[in-house]
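Here the structure is laid out as structure tokens; the discussion comes afterwards.
Note: hydrogens, waters and symmetry copies are ignored here, and every other heavy atom, side chains too, is used.
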Amino acid sequence: MSHGLVTSDLLSKAQRREDGGRCKHCSKQYAFNMLQHLVAEHQVKLCSAEIMYSCDVCSFKCASYQLLENHLSTVHPKNGGMGENDRARTKCLQSNGADADKDDEIVTLD
């Protein structure tokens, strides 16, 4: 089984039935449904080609580096004392449905 990367633009075209072209595997020409053909006839596993950025401190994920930078600077600010980092970590854990335990070890990188 091979894998194929699919961008959000190509997925949008497939939903509008505008994903036509010549198949690179069998050279058949399709007016639309190319993605469906690849999955059904050639067992191609489609994967998202979109890049996701994730926070190293919590489970926050986003599609742009700018959004990740904004998240890091507001939720996990580096300029501050240990108390501020504790509050940011607790805020982050609480926003993700987890509770901070008193016995949890907090490690900060300066």
Side-chain angles (χ1 to χ4, degrees):
M1 175 184 290
S2 63
H3 292 77
L5 297 177
V6 180
T7 62
S8 58
D9 183 52
L10 182 55
L11 185 58
S12 174
K13 286 182 179 181
Q15 290 168 341
R16 293 189 313 262
R17 299 176 67 116
E18 298 173 355
D19 62 326
R22 185 169 301 278
C23 177
K24 293 180 181 179
H25 294 278
C26 65
S27 299
K28 289 182 183 177
Q29 182 75 31
Y30 288 88
F32 56 89
N33 287 343
M34 178 64 73
L35 293 181
Q36 183 178 345
H37 164 75
L38 290 171
V39 171
E41 299 296 323
H42 303 295
Q43 292 74 44
V44 173
K45 183 177 187 308
L46 302 177
C47 304
S48 174
E50 304 302 319
I51 296 173
M52 292 298 292
Y53 296 92
S54 60
C55 178
D56 291 337
V57 179
C58 68
S59 62
F60 177 80
K61 291 183 181 176
C62 60
S64 80
Y65 188 75
Q66 183 63 42
L67 286 173
L68 179 61
E69 283 185 327
N70 289 341
H71 166 79
L72 291 171
S73 66
T74 57
V75 179
H76 313 291
K78 286 183 92 172
N79 61 351
M82 183 67 164
E84 190 170 322
N85 286 337
D86 286 343
R87 285 189 297 277
R89 179 177 181 273
T90 302
K91 178 181 176 185
C92 182
L93 288 171
Q94 288 171 343
S95 69
N96 290 311
D99 292 323
D101 189 351
K102 285 189 242 178
D103 297 328
D104 284 349
E105 180 179 347
I106 298 173
V107 178
T108 60
L109 302 175
D110 294 321

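By the salt bridge (charged side-chain N to carboxylate O under 4.0 Å, His left out) test, Glu69 pairs with no residue at all, sequence neighbours left out. Scanning for side chain to side chain donor-acceptor pair (under 3.5 Å) contacts around Gln66 gives Asn70, with sequence neighbours left out. Taking Ser8 as the reference, Glu50 meet the side-chain contact (heavy atoms from CB on, under 4.5 Å) condition, with sequence neighbours excluded. For Asp9, the side-chain contact (heavy atoms from CB on, under 4.5 Å) partners are Thr7, Lys13, not counting sequence neighbours.
Residue pairs meeting the salt bridge (charged side-chain N to carboxylate O under 4.0 Å, His left out) criterion with at least one member in residues 15-41, sequence neighbours excluded, are Arg16-Glu18.
Between Cys62 and Leu68, the closest heavy-atom pair is SG-N, 3.5 Å.
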Tell me which donor-acceptor pairs under 3.5 Å the side chains of residues 30-39 have, and how far apart each pair is, sequence neighbours excluded?
| unit_1 | atom_1 | unit_2 | atom_2 | d |
| --- | --- | --- | --- | --- |
| Tyr30 | OH | His37 | ND1 | 2.8 |
| His37 | NE2 | His42 | NE2 | 3.0 |

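Tracing side-chain contacts under 4.5 Å through hydrophobic residues (I, L, V, M, F, W, Y), one never reaches Leu67 starting from Ile51; they form parts of separate clusters. Cluster membership for Met52 and Val6, using ILVMFWY side-chain heavy atoms within less than 4.5 angstrom, is not shared.
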